[in-house]
Amino acid sequence: MATALSALRLDPQRIRTFGSKLRAWYRRNARDLPWRHTRDPYAILVSELMLQQTQVSRVLDYWTRFLTRFPTLHALADAKERQVLDAWAGLGYYARARNLHKLSRAVVREGPRAWGDDTGPLLPAEPAKLRRLPGIGAYTAGAVATFAFERRASLVDTNVARVLTRVFAPRLQPKRSRDQKRIWAIAEATLPRTGKATWTHNQALMELGALVCTARVKRCDACPVRMVCRSSDA
DNA sequence: AATCCGGGGCT
DNA sequence: AGCCCAGGATT
């Protein structure tokens with residue numbers, strides 16, 4: 001870990017400042033998004049799948065309607081694929097809906113025993129186990145682990161990749177798959193200790209990328225971490 | 001490593 | 001017209 005930090009030239013003091021400023025900003029400026037009020041793993045999972053390559057504004061209505069129509073994993077598993085696709089109609093990337101449906105039948109059939117925990121929830125809390133389910137990749141596994149189970153897990157999406165590279169490693173290029181591994185290492189190295197703080201931290205990383213550290217027109221003047229940012233001290 | 005998958009919004 | 005958006009599966 002110390003080697004990882006030094007290889008990336010990440011100063012612990014800098015990391016602490018970044019995290020505390022980031023989370024303080026989030027508490028004051030975060031949007032009020034409905035999936036941030038729940039810890040239901042199924043509801044969180046649906047939101048994460050819908051949000052893949054899809055803007056928040058377009059997901060809002062779909063998410064509410066989908067959960068009304070299919071309130072639980074069991075309800076979803078009982079539905080026909082046709083019904084699930086109908087509820088998804090207009091969102092695009094329909095493989096997400098088919099995978100979600102398959103996933104629901106898999107976990108309902110095998111139950112928590114498949115994760116080695118008879119009494120636990122239907123969905124596993126560990127990223128490595130979530131990762132095995134259809135439609136769940138590295139990002140979504142981390143997202144469900146932290147946002148539903150409040151685990152200390154890292155996650156990297158396009159927002160997080162952009163924020164972390166600009167702040168800590170401006171020379172990395174998020175689109176290069178080789179650099180992706182380094183970005184995940186930075187995400188891991190800058191994570192808070194506890195799961196509760198990690199929930200806020202990860203939400204805040206994505207929120208900063210969505211509202212301030214945006215892809216096209218950056219708003220560095222409004223950025224809470226510009227004093228520790230390697231891209232803004234020019 | 002590169003392509004494909006949808007549709008809408010932004011510049 | 002081109003790029004971007006809470007990615008993942010397939011080749």
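Just so we're on the same page: letters track the sequence lines, and every chain starts at 1. In what follows, every heavy atom counts, from backbone to side chain, and hydrogens, waters and symmetry copies are set aside.
- Applying the salt bridge (Lys or Arg N to Asp or Glu O under 4.0 Å) rule to A:Glu110 yields no partners; only residues at least two apart in sequence or on another chain are considered.
- Rounded to whole Å, the P atom of C:dG8 lies 24 Å from the corresponding atom of B:dG9.
- Both A:Lys175 and A:Thr158 sit near DNA chain C, but only A:Lys175 has its closest nucleotide nearer the 5' end.
- Using a 4.0 Å heavy-atom cutoff across all strands shown, A:Leu33 reaches at least one base atom of the nucleic acid.
- Atom-to-atom, CG of A:Leu51 to C1' of C:dG7 comes out at 11 Å; the value is rounded to the nearest Å.
- Within the structure, salt bridge (charged side-chain N to carboxylate O under 4.0 Å, His left out) pairs that include any residue of residues 59-81 of chain A do not occur (at least two apart or interchain).
- Hydrophobic clustering places A:Leu133 together with A:Val144 (ILVMFWY residues linked when any side-chain heavy atoms are closer than 4.5 Å, directly or through intermediates).
- In this structure, A:Leu73 and A:Pro41 have side chains that are not in contact, with every pair of non-hydrogen atoms separated by 4.5 Å or more.
- Between A:Leu67 and A:Trp35, every side-chain heavy-atom pair lies at or beyond the 4.5 Å cut-off.
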*Encode nucleotides 6-11 of chain B as B, S and - characters from 5' to 3', where the letter depends on protein heavy atoms closer than 4.0 Å: B to the base, S only to sugar-phosphate, - to neither.*
BBBBBS

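- Under the 4.5 Å side-chain heavy-atom criterion for grouping Ile, Leu, Val, Met, Phe, Trp and Tyr, A:Val46 is connected to A:Val56 within one hydrophobic cluster.
- For the residue pair A:Arg96/A:Thr140, the side-chain donor-acceptor check at 3.5 Å is not satisfied.
- Between A:Glu48 atom CD and C:dC5 atom C1' the separation is 14 Å, expressed in whole Å.
- With both ends at atom P, the span from C:dA9 to B:dG8 equals 25 Å, rounded to whole Å.
- Note: CG (A:Leu85) to P (B:dC5) measures 16 Å, nearest angstrom.
- Contacts of residues 192-201 of chain A with DNA chain C (heavy atom under 4.0 Å): none.
- What separates NE2 of A:His101 from P of C:dG8 is a distance of 21 Å, to the nearest Å.
- Taking atom CZ of A:Arg162 as the reference point, atom C1' of C:dC4 lies 9 Å away to the nearest angstrom.
- Within 4.0 Å (heavy atoms only), A:Thr140 reaches sugar-phosphate atoms of the nucleic acid but no base atom.
- Here the P atom of nucleotide C:dC5 and the CG atom of A:Asn159 are 6 Å apart, to the nearest Å.
- Under 3.5 Å, the side chains of A:Gln52 and A:Tyr139 contain no donor-acceptor pair of N or O atoms.
- Residues A:Asp157 and A:Met206 have side chains in contact (heavy-atom distance under 4.5 Å, counting atoms from C-beta outward).
- Checked for salt-bridge contact, A:Arg36 and A:Asp32 miss the test: no charged N lies under 4.0 Å from a carboxylate O.
- Across all strands, A:Trp88 comes closer than 4.0 Å to no nucleic acid atom at all (heavy-atom distances).
- Nucleic acid contact class of A:Ala215 (heavy atoms, under 4.0 Å, all strands): sugar-phosphate only.
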Provide a list of protein-nucleic acid N or O atom pairs under 3.5 angstrom, restricted to nucleotides 9-11 of chain C.
unit_1 : atom_1 : unit_2   : atom_2 : d
C:dA9  : OP1    : A:Gly135 : N      : 2.9

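- Partners of A:Arg176 by side-chain contact (heavy atoms from CB on, under 4.5 Å), not counting sequence neighbours, listed by chain and number: A:Gln173, A:Arg178, A:Asp179.
- In this structure, A:Met206 atom CE and C:dC5 atom C1' are separated by 13 Å, rounded to whole Å.
- Spacing between atom CG of A:Leu164 and atom C1' of C:dA6 amounts to 14 Å, rounded to whole angstrom units.
- B:dT3 and C:dA6 have their P atoms separated by 24 Å, given to the nearest Å.
- Side-chain contact between A:Leu172 and A:Ile186 is present, with heavy atoms from C-beta onward closer than 4.5 Å.
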